[in-house]
Amino acid sequence: MTTALTLSGSIRQGSHNLKLQAHLGRQLEAAGVSVNAINLGDFNLPIFNEDLEADAVPQGAVALAELWRSHDIVFIATPEYNGGLPPLLVNAITWVSRQRPSPFRHAVFGIGGVSSGKYGTIWSLSHLRESLTKVGALVVPTLLGIGPAEEAFDAQQNFVEPAIVRKVDQMVHELTHFSRG
């Protein structure tokens with residue numbers, strides 16, 4: 001069975017990106033994928049510093065890298081902070097990128113984000129795609145840049161706008177049909 005790992009660059013209670021993570025997880029499950037939703041706050045990852053590697057790589061980095069290696073799909077939902085990625089996500093990707101063998105060369109990656117602005121995290125998603133690609137990840141073409149957040153979800157945490165529903169469906173299709181070969 002195909003497996004997916006989902007995570008969010010925001011761990012704030014009520015985060016719209018946690019809602020996106022959960023929604024995409026439900027859509028992947030409906031497509032027959034076994035989904036493992038994780039919270040980056042559960043991994044003890046100090047601020048990256050190469051000096052820390054000399055003594056011991058944090059166990060949280062080793063565990064997170066192994067999760068990325070052991071799933072066929074990785075979906076990352078991320079907010080946008082000042083036009084870029086949140087520190088939590090940057091730190092996690094940095095620690096994971098230092099692990100060997102590369103945790104980025106097995107899974108197919110999907111990226112999306114929800115923000116209060118009308119551009120819907122498009123700048124942070126651009127940074128994220130570039131960063132993931134540089135470390136060897138295969139990122140599907142569809143981007144889920146969703147905004148404004150306050151108007152995006154209904155009471156059941158489903159998307160209101162038909163165009164977003166179609167983009168989610170397209171991403172699920174790409175994540176379940178693209179392959180690393």
Looking at CG of Asn44 and CG of Leu64, how far apart are the two atoms once the value is rounded to the nearest 0.5 Å? 12.0 Å

His173 side chain vs Asp169 backbone, donor-acceptor pair below 3.5 Å: no

Name all pairs fulfilling the ring pair (Phe, Tyr, Trp, His ring centres under 6.0 Å) condition that reach into residues 25-49, sequence neighbours left out, sorted by first residue then second. Phe48-Trp95

Might you work through the side chain to side chain contact (heavy atoms under 4.5 Å, CB included) test for Val114 and Thr121, ending with a clear yes or no? CA-CA 6 Å; Val114 184; Thr121 71; 5.6 Å; no

With a 6.0 Å cut-off (strictly less than), is the heavy-atom count around CZ of Phe178, excluding the residue itself, greater than 12? yes

Is there a side-chain contact between Val57 and Arg98 (heavy atoms, below 4.5 Å)? no

Steps toward side chain to side chain contact (heavy atoms under 4.5 Å, CB included) verdict (Phe104, Val96): CA-CA 9 Å; Phe104 297 95; Val96 169; 3.8 Å; yes

Could you tell me whether a side-chain N or O of Thr133 sits under 3.5 Å from a main-chain N or O of Glu130, the two making a donor and an acceptor? no

Considering only distance and modelled atom types, tabulate donor-acceptor pairs under 3.5 Å from the side chains of residues 142-151, sequence neighbours left out.
{"unit_1": "Thr142", "atom_1": "OG1", "unit_2": "Glu174", "atom_2": "OE1", "d": "3.1"}
{"unit_1": "Thr142", "atom_1": "OG1", "unit_2": "Glu174", "atom_2": "OE2", "d": "2.8"}

Nearest-0.5 Å distance that lies between atom CG in Leu138 and atom CZ in Arg105: 11.0 Å

What distance separates Leu45 CG from Leu40 CG, expressed to the nearest 0.5 Å? 7.5 Å

Do Leu88 and Ile76 share a hydrophobic cluster, counting only Ile, Leu, Val, Met, Phe, Trp and Tyr and linking them when any side-chain heavy atoms are less than 4.5 Å apart? yes

Compute the centroid of each ring, for Trp123 and then for Tyr81, and state whether the two points are separated by less than 6.0 Å. no

Consider only side-chain N and O atoms of Asp72 and Thr3, and report whether a donor and an acceptor are under 3.5 Å apart. yes

Should Val135 and Val108 be regarded as members of a common hydrophobic cluster, given that ILVMFWY residues are connected when their side-chain heavy atoms come within less than 4.5 Å of each other, either directly or indirectly? no

Lys167 NZ to Met171 CE distance, which is reported to the nearest 0.5 Å: 8.0 Å

Nearest atoms (heavy-atom pairs only) where Ser124 meets Gly84: CB-O, 3.3 Å

Can you measure from CD1 (Ile73) to CG (Leu5) and round to the nearest 0.5 angstrom? 10.5 Å

Okay, side chain of Gln21, backbone of Ile38: is any donor-acceptor separation there less than 3.5 Å? yes

Using the rule that Ile, Leu, Val, Met, Phe, Trp and Tyr join whenever any side-chain heavy atoms are under 4.5 Å apart, tell me whether Val35 and Leu20 fall into a single cluster. yes

Look at the side-chain heavy atoms of Ile, Leu, Val, Met, Phe, Trp and Tyr, link any pair under 4.5 Å apart, and say whether Leu89 and Phe75 land in one connected group. no

Common cluster, Leu7/Leu18, ILVMFWY with side-chain heavy-atom separation under 4.5 Å: no

Do the side chains of Pro46 and Pro58 get nearer than 4.5 Å, heavy atoms only? yes

Set out, in order, the CA-CA distance, both residues' side-chain angles and the distance that settles side chain to side chain contact (heavy atoms under 4.5 Å, CB included) for Arg26 and Gln157, then state yes or no. CA-CA 11 Å; Arg26 289 190 304 272; Gln157 304 305 316; 4.1 Å; yes

Does Thr94 reach the main-chain N or O of Val90 with its side chain, forming a donor-acceptor pair under 3.5 Å? yes

Tell me if the aromatic rings of Phe153 and Phe159 count as close, with their centers under 6.0 Å from one another. yes

Under the side chain to side chain contact (heavy atoms under 4.5 Å, CB included) rule, what do Glu29 and Val33 come out as? Steps first, then yes or no, please. CA-CA 5 Å; Glu29 286 175 341; Val33 175; over 6 Å; no

Just wondering, more than 12 heavy atoms not from Asn82 lying within 6.0 Å of its CG? no

Glu66: which residues meet the side chain to side chain donor-acceptor pair (under 3.5 Å) condition with it, sequence neighbours left out? Arg69

Point-to-point distance, once rounded to the nearest 0.5 Å, from OG1 of Thr6 to CD of Gln27: 12.5 Å

